[in-house]
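What you see is a predicted model, and the numbers here were worked out from it, not measured in a lab. A note on names: the letters A, B, ... follow the listed sequences, proteins ahead of strands, and every chain is numbered from 1.
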Number of protein chains: 2
Amino acid sequence: MDEDNAARVMVRNITDLARLAGVSPGTVSRALAGKSLVNAKTRARIEALAREHGFRPNQMASGLRRQKTGVIGVVIPLGHDSRQQISDSFFMTLLGHLADELTREGYDLMLRRVVPENDADWLDRFIGSGMIDGVIVIGQSDQFDRIEDVADGYGPMVVWGNHTEGQQHCVVGTDNRLGGRLAAERLIAAGATRLAFLGDTTAIEFAARFAGAQDIAARMGLPPIITLPTHLSPDRASEEIACHLSQHTSTIDGIFAATDTLAALCLTELRDQGIAVPEAMKLVGFDDLPIARQTVPPLTTVRQDIAAGARGLVDLLLRRLAGEKTESLVLPPELMVRATA
Amino acid sequence: MDEDNAARVMVRNITDLARLAGVSPGTVSRALAGKSLVNAKTRARIEALAREHGFRPNQMASGLRRQKTGVIGVVIPLGHDSRQQISDSFFMTLLGHLADELTREGYDLMLRRVVPENDADWLDRFIGSGMIDGVIVIGQSDQFDRIEDVADGYGPMVVWGNHTEGQQHCVVGTDNRLGGRLAAERLIAAGATRLAFLGDTTAIEFAARFAGAQDIAARMGLPPIITLPTHLSPDRASEEIACHLSQHTSTIDGIFAATDTLAALCLTELRDQGIAVPEAMKLVGFDDLPIARQTVPPLTTVRQDIAAGARGLVDLLLRRLAGEKTESLVLPPELMVRATA
DNA sequence: AAGATTTTTGCAATCGTTTGCAAGTCACGC
DNA sequence: GCGTGACTTGCAAACGATTGCAAAAATCTT
């Protein structure tokens with residue numbers, strides 16, 4: 001009878017539970033929050049009741065009162081290539097690791113994709129919503145300036161991307177320029193002399209990779225590296241690569257692809273056009289995604305440590321939430337030599 | 001001077017803005033919410049001020065008062081294979097499409113990964129948090145019963161997964177059993193007679209795929225399909241596949257892989273062991289991920305329409321939020337014949 | 001120009017939780 | 001018996017936006 005009643009009574013808020021427990025709402029709040037100021041017996045009783053009724057404090061109300069939500073925003077700006085970038089394996093893997101790290105730290109993750117051209121103040125909007133305690137931006141895309149604008153008015157923001165000398169915002173990312181150097185060095189060591197860069201250099205990370213490769217080409221006295229711009233979505237990229245190859249195949253003997261995904265597509269096209277890799281064409285990718293080990297032949301590539309990146313992003317963000325003023329974190333790339341160069 | 005002042009004054013809430021505009025907070029709220037009850041001129045003034053000060057109403061407060069948050073929870077239970085399932089390409093791609101669809105409908109997406117064994121009431125916790133208007137569960141994993149329990153007390157939930165006769169919860173998913181049939185039929189049509197299923201049949205979706213394949217094997221009078229269980233994370237799966245192959249390679253001539261990812265790994269192992277595909281071993285995958293087109297030889301696989309799945313999930317969820325009582329949605333799989341079977 | 005309508009606005013309660021402050025209880029020692 | 005602390009609890013004011021209701025202002029009727 002008593003239990004029937006207990007199960008029947010709807011407990012919608014802390015006040016209902018307080019009535020049931022015969023205490024004040026304040027006490028229930030303190031008990032459920034695990035504060036030390038409440039008597040052990042009372043706490044036990046309250047916890048039992050809460051469990052019995054499946055009651056959980058409303059996070060919205062709690063967030064409102066405490067002025068913090070326990071939610072970290074993760075935003076992916078689809079700037080220079082608005083379609084399908086989110087399905088890019090690299091970003092997705094990073095996102096997975098972020099989810100892990102944030103969960104471990106007791107935060108929830110609010111994901112938002114935005115198309116900056118459609119909506120100029122995507123970042124302020126997210127931050128100003130009051131729903132998130134801090135924000136992680138995945139990829140600078142072509143939004144460097146806007147991010148920079150926001151950075152000095154808003155502390156708890158960390159960005160995945162490229163580090164530029166003297167920038168305001170706190171960034172975590174691989175040393176893309178160094179990665180580009182490693183790639184070019186490898187291509188040249190493998191015997192290539194006329195290089196091409198496959199990818200859209202509008203994206204700042206890609207531009208840095210290209211610049212690094214160009215450093216080496218220049219130092220070695222090779223002709224300038226030509227760029228073969230592509231989109232990132234697999235279908236469009238395929239065509240574009242095919243087109244590039246048929247035009248330049250006789251004038252180049254080494255390709256540095258901005259991404260393993262592009263490299264893999266390129267490899268497929270090369271095979272279709274009967275160009276032997278690595279004999280007639282050397283190829284190096286970037287990222288070291290799982291696919292790099294599965295291509296035929298396996299892809300030589302520059303590795304980014306995604307897990308370390310995610311850890312860095314979360315770590316820095318938490319420090320910033322605690323009020324610390326943090327420096328950027330630049331991770332070292334690592335050359336993975338396999339069979340394409 | 002005036003503008004200086006305007007820029008200097010901090011506008012933290014609707015009341016501040018009301019003071020500035022010389023109206024009451026209520027009016028500001030109505031103006032910003034785009035209600036028709038407010039005078040056009042007043043609204044213009046208020047909107048201008050809001051823009052000027054970069055003010056946005058606090059979503060927490062709004063959510064609290066309106067009892068809805070504009071956020072949809074997306075939860076990925078890591079049940080039968082707790083590690084790294086989120087980085088599975090299929091789920092990630094689905095997640096990307098979900099983000100698109102939800103954004104288009106004006107909802108935000110809150111992502112949560114949970115490990116059910118560590119925390120039994122993962123689903124109730126998420127729902128009871130008051131942070132989300134509805135929930136999409138990606139993958140039933142081994143949590144079918146728990147989901148089922150929740151389903152009749154809570155309306156706005158839709159699950160990606162397998163449809164079982166007579167189940168409570170609303171599910172969207174491919175007809176896995178039919179997919180399994182298509183795969184087995186193709187393997188057999190290509191000349192295979194002794195089949196194996198590669199994947200962990202604890203996962204209910206995989207079990208259905210296996211069952212479908214078994215249907216066909218039985219109908220054709222072939223010996224029962226053997227199962228080669230694996231984990232989903234690439235590193236462990238690789239070893240396990242290698243081990244399975246070295247044991248069974250002489251007794252089977254066709255493999256149905258639960259996933260394209262597994263199929264691709266399997267293909268790599270087959271090559272390493274010098275087994276010709278499709279001559280000595282036929283192989284069919286599942287999902288039709290981008291990778292399926294890039295393997296050598298290209299992978300014959302059963303396609304799931306991920307975009308349609310995402311659209312279905314969101315559509316059904318919105319209908320349920322509107323109070324409608326919806327049926328499950330079972331999508332047809334499609335066989336993509338390439339070169340491995 | 002007074003009365004009847006229709007817009008616009010303001011008032012104040014409400015959503016559910018947290019927390020500073022003050023009051024209450026209890027045990028202890030003098 | 002009473003003052004002193006150490007624990008526990010209750011009270012009530014926040015947090016910031018929304019909205020039913022009623023008052024005020026503007027517009028229309030006749």
Side-chain angles (χ1 to χ4, degrees), chain A residues 9-47 49-50 53-71 106 108 125 127-133, chain B residues 9-47 49-50 53-71 106 108 125 127-133:
Chain A
V9 179
M10 257 307 217
V11 180
R12 330 200 115 286
N13 54 35
I14 230 172
T15 311
D16 290 353
L17 196 62
R19 199 181 353 256
L20 249 61
V23 295
S24 79
T27 303
V28 173
S29 172
R30 284 185 270 252
L32 261 33
K35 308 239 178 182
S36 59
L37 320 86
V38 50
N39 181 292
K41 223 128 144 209
T42 324
R43 133 152 332 111
R45 184 155 40 94
I46 293 174
E47 280 174 343
L49 277 171
H53 291 270
F55 171 78
R56 311 176 188 300
N58 182 306
Q59 298 231 74
M60 286 262 146
S62 166
L64 178 58
R65 172 64 225 243
R66 307 209 333 259
Q67 297 292 78
K68 51 194 311 232
T69 64
V71 180
D108 267 314
R125 254 249 290 286
I127 292 170
S129 71
M131 291 275 280
I132 56 178
D133 290 343
Chain B
V9 179
M10 257 309 217
V11 179
R12 334 202 112 284
N13 53 35
I14 228 170
T15 311
D16 290 353
L17 196 62
R19 195 176 0 248
L20 247 61
V23 295
S24 78
T27 303
V28 173
S29 171
R30 284 184 272 248
L32 263 33
K35 306 240 178 178
S36 59
L37 321 85
V38 52
N39 181 292
K41 224 128 140 209
T42 326
R43 129 147 344 105
R45 186 156 38 93
I46 292 174
E47 280 174 345
L49 277 171
H53 291 270
F55 171 77
R56 318 181 180 295
N58 182 306
Q59 299 229 75
M60 287 262 147
S62 166
L64 177 59
R65 171 63 225 244
R66 306 211 328 258
Q67 297 291 76
K68 53 195 310 233
T69 65
V71 180
D108 268 314
R125 254 248 291 285
I127 292 170
S129 72
M131 290 276 278
I132 57 178
D133 291 342

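One can place NZ of Lys68(A) at 12 Å from P of dT18(C), the figure rounded to the nearest angstrom. Rounded to an integer number of Å, the gap from CG of Asn39(B) to C1' of dT7(C) is 8 Å. Distance CE (Met131(B)) to P (dT17(C)): 14 Å, rounded to an integer number of Å.
A distance of 10.0 Å separates CZ in Arg56(A) from CD1 in Ile127(B), rounded to the nearest 0.5 Å.
At least one side-chain heavy atom of Met131(B) sits less than 4.5 Å from a side-chain heavy atom of Val71(A). Put simply, the side chain of Phe55(A) does not reach to within 4.5 Å of the side chain of Asp16(A), judged on heavy atoms.
Under the 3.5 Å distance criterion, the side-chain polar atoms of Arg30(A) are left unmatched by any main-chain donor or acceptor of Arg43(A).
Residue Ala50(A) comes nearest to Leu17(A) through the heavy atom pair CB-CD2, 3.9 Å, listed as atom of the first residue, atom of the second, then distance. For the pair Lys68(A) and Asp133(A), the tightest heavy-atom approach, listed with the atom from each and the gap, is CA-OD1, 3.3 Å. When all heavy atoms are compared, the tightest approach of Pro25(A) to Ile14(A) is CB-CG2, 3.9 Å.
Contacts of Asn13(A) classified as side-chain hydrogen bond (donor to acceptor under 3.5 Å, both in side chains), with partners at least two apart in sequence or in another chain: none. Looking at residues two or more places apart in sequence or on another chain, you find a side chain to side chain contact (heavy atoms under 4.5 Å, CB included) between Thr42(B) and Val23(B), Thr27(B), Val38(B), Asn39(B), Arg45(B), Ile46(B). Residues passing the side chain to side chain contact (heavy atoms under 4.5 Å, CB included) test with Arg65(B): none are found, sequence neighbours excluded.
Two end axes, each from the C1' atoms of five base pairs, can be drawn for the helix from dA1(C)-dT30(D) to dC30(C)-dG1(D); they diverge by 50°, to 10 degrees.
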Protein-proximity profile, nucleotides 16-21 of chain D, B/S/- by nucleotide at the 4.0 Å heavy-atom cutoff, equals BBBBB-
Filtered N/O pairs between nucleotides 24-27 of chain D and protein, under 3.5 Å:
none

